[in-house]
Colleague: 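Dumping the structure here so I can ask a few things about it.
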Amino acid sequence: MTRSRRRGRSRTRTGAPEGAVCAGAVPGYHPAMSTICLIGVGRMGEPLCGRLVRAGYRVRAYDVLADRRQAALSHGAGCSDSAAAAAAGADVLLTVLPGPAEVAAAVDDAVLGGLSPRATWIDMSSNTPAGSEPCRKRAAAHGVGVLEAPIGGSPADAAAARLRLFVGGDADLLERHRPLLSAVSDRITHIGGPGTGYVAKLLVNLLWFGQAAATAEVLLLGRRAGIDLGVLTETLAAGPSSSAFIQRDLPALLAGDYLTDFGLDHILDQLTAVTALAGRLGTPHSVAESVRRLHVEALERYGPADGELLAVALMEEKAGMLLRHPAAAATATDTTTDIGDSPADAQAGRPT
């Protein structure tokens, strides 16, 4: 998720004139009358910040890194030198952070106690039900409502308000904040009660990473057996084996792109959370465990690099060939390239 790279200073701006109304908002709803405390101005948080400011919300942002606070200023948000200062008097606390540890550190009593009466905390982080529970209880003690709305999508989707949100929590509270969430999302799904949004997002990710690994395994075997990658991918895409991964994400892999929007360490955190949940609930999870172990190996090989398909890179390395096809990109490596014993530094597009 989010790593921060720019330096800056703290000052305050107003996101929109008093009385401005969010396009598409419910009648009588004035977002400029609502102040949002945004904690986390990284890869996802920064475009979200920009969207909310343009929708007419007053946004006060905080990030542990000063350069990320400067990024918030560049979008017309205000920013503060502490999370508690950013939260003071805010109507909504919005957290967009890498994982449970960062959320637990950010959502403390000083932040929750400073929010306005009837405030709501909306967690859009890559969190888990167990990881969020202490903060949820803390929020309840301060009279703060809670929604979880973990994100599906990329920074580009956030900038274009095309995110998918998996919402868990009270349905009425969701309706109260639907205009806000609609400023960044065109697909808001109310999954159910507290914790269900986090679980749904974890399950979606498990299935995606599992599909990526299974597809790579099939392609490596097929290529070794002498089938042209172009023919094989077309065959898979046109038949009952097709998937969203094959349709949308496989072309990037065939062009040498390992999808560097998310860190391998955070991927493993999510897969571990899924298998731990399955263990607690007593459901079979041998496939999930295999996917998790593959990512353990990838993390040991490449470290906490950014790359959602680095487990596939490890599979390529073990097979001694790259999954590339000339039609995917003009610079693609030949599909039968031997990558030898130390391929990592030679592969264009792979984070190392």
Colleague: Looking at residues at least two apart in the chain, or sitting in another chain, which of them share a side chain to side chain contact (heavy atoms under 4.5 Å, CB included) with P150?
Modeller: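 With sequence neighbours excluded, P150 shows a side chain to side chain contact (heavy atoms under 4.5 Å, CB included) to E148, F166, Y198, K201, given in chain and number order.
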Colleague: Under a 4.5 Å side-chain heavy-atom rule over Ile, Leu, Val, Met, Phe, Trp and Tyr, are L219 and L221 clustered together?
Modeller: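 They do not share one cluster, since no chain of ILVMFWY contacts under 4.5 Å joins L219 to L221.
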Colleague: Looking at V107, is its backbone amide N or carbonyl O close enough to the side chain of R138 to form a donor-acceptor pair, meaning the two atoms are under 3.5 Å apart?
Modeller: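 Yes; judged by distance alone, with no hydrogens or angles, the pair exists.
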Colleague: After noting the C-alpha distance and the side-chain angles of W121 and I39, does the key distance pass the side chain to side chain contact (heavy atoms under 4.5 Å, CB included) rule?
Modeller: CA-CA 11 Å; W121 167 39; I39 300 181; over 6 Å; no
Colleague: In the structure I gave you, are the side-chain heavy atoms of D265 and L299 within less than 4.5 Å of one another anywhere?
Modeller: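 D265 vs L299: side chains touch.
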Colleague: Sorted by first residue and then second, give each side-chain hydrogen bond (donor to acceptor under 3.5 Å, both in side chains) pair with at least one member in residues 96-110; sequence neighbours left out.
Modeller: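 Output for this query lists D109-H142.
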Colleague: Would you sort out whether D123 and S125 count as a side-chain hydrogen bond (donor to acceptor under 3.5 Å, both in side chains), showing the intermediate values?
Modeller: CA-CA 6 Å; D123 185 23; S125 309; 2.7 Å; yes
Colleague: With the side chain counted from C-beta on, respond yes when Q70 and L73 share a heavy-atom pair under 4.5 Å apart, and no when they do not.
Modeller: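 Counting from C-beta outward, Q70 and L73 do come under 4.5 Å.
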Colleague: Under the 3.5 angstrom rule, does the side chain of S241 hit a backbone N or O of L236 as a donor-acceptor pair?
Modeller: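 Here the side-chain-to-backbone pair exists.
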Colleague: Sequence neighbours left out, cut at 3.5 Å: what donor-acceptor pairs do the side chains of residues 203-215 make with other protein atoms?
Modeller:
from, atom 1, to, atom 2, distance (Å)
N205, ND2, Q270, OE1, 2.5
W208, NE1, D249, OD2, 2.8
T215, OG1, Q211, O, 2.7

Colleague: Supply the atom-to-atom distance L52 CG to L180 CG, rounded to the nearest 0.5 angstrom.
Modeller: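 Going from CG on L52 over to CG on L180, the span is 5.5 Å.
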Colleague: State whether the side chain of H325 and the backbone N or O of L254 hold a donor-acceptor pair below 3.5 Å, judged by distance alone.
Modeller: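 It does not hold such a pair.
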Colleague: Is a side-chain N or O of H285 found less than 3.5 angstrom from the main chain of T283, in a donor-acceptor match?
Modeller: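 A pair under 3.5 Å: yes.
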Colleague: Quick one: do V167 and H177 satisfy side chain to side chain contact (heavy atoms under 4.5 Å, CB included)? Show the steps, please.
Modeller: CA-CA 11 Å; V167 181; H177 293 290; over 6 Å; no
Colleague: Applying the 4.5 Å side-chain criterion to the ILVMFWY set and letting contacts propagate, would I191 and M124 be lumped into a single cluster?
Modeller: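 No, no single cluster joins them.
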Colleague: Given the rule that I, L, V, M, F, W and Y join up when any side-chain heavy atoms are under 4.5 Å apart, are L202 and V287 in one cluster?
Modeller: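 Different hydrophobic clusters.
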Colleague: How about L48 and I151: do any of their side-chain heavy atoms sit closer than 4.5 Å?
Modeller: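 Counting from C-beta outward, L48 and I151 do come under 4.5 Å.
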Colleague: Please check if the side chain of H266 supplies one atom and the backbone of P304 the other of a donor-acceptor pair under 3.5 Å.
Modeller: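 A pair under 3.5 Å: no.
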Colleague: Check for a donor-acceptor pair, side chain of S182 on one end and backbone N or O of P179 on the other, with a separation under 3.5 Å.
Modeller: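 No, S182 side chain to P179 backbone: no donor-acceptor pair under 3.5 Å.
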Colleague: Given side-chain hydrogen bond (donor to acceptor under 3.5 Å, both in side chains), test S154 with D157 step by step and report yes or no.
Modeller: CA-CA 5 Å; S154 67; D157 293 325; 3.1 Å; yes
Colleague: Taking R301 for the side chain and A313 for the main chain, is one N or O donor matched with an acceptor at less than 3.5 Å?
Modeller: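 A pair under 3.5 Å: no.
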Colleague: Flag the pair P155 / M44 as yes when at least one side-chain heavy-atom distance between them is below 4.5 Å, and no otherwise.
Modeller: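 With C-beta onward as the side chain, the pair touches.
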Colleague: Quick check against the 3.5 Å criterion: does S242 have a side-chain atom that pairs as donor or acceptor with the backbone of A237?
Modeller: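 At least one qualifying donor-acceptor pair exists.
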Colleague: Which of these, T120, L38, V146, L112, sits in a side chain to side chain contact (heavy atoms under 4.5 Å, CB included) with L93?
Modeller: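 Of T120, L38, V146, L112, side chain to side chain contact (heavy atoms under 4.5 Å, CB included) with L93 is met by L112 alone.
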Colleague: Could you tell me whether E297 atom CD has more than 12 heavy atoms of other residues or ligands within 6.0 Å of it?
Modeller: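 Atom CD in E297 is packed in, count exceeds 12.
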Colleague: Could you check whether any side-chain N or O of R223 sits under 3.5 Å from a backbone N or O of L232, counting only pairs where one atom can act as donor and the other as acceptor?
Modeller: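 Judged by distance alone, no pair lies under 3.5 Å.
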Colleague: Can a donor-acceptor pair be found, under 3.5 Å and without considering hydrogens, that links the side chain of R164 to the backbone of G152?
Modeller: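 Side chain of R164 to backbone of G152: no pair is present.
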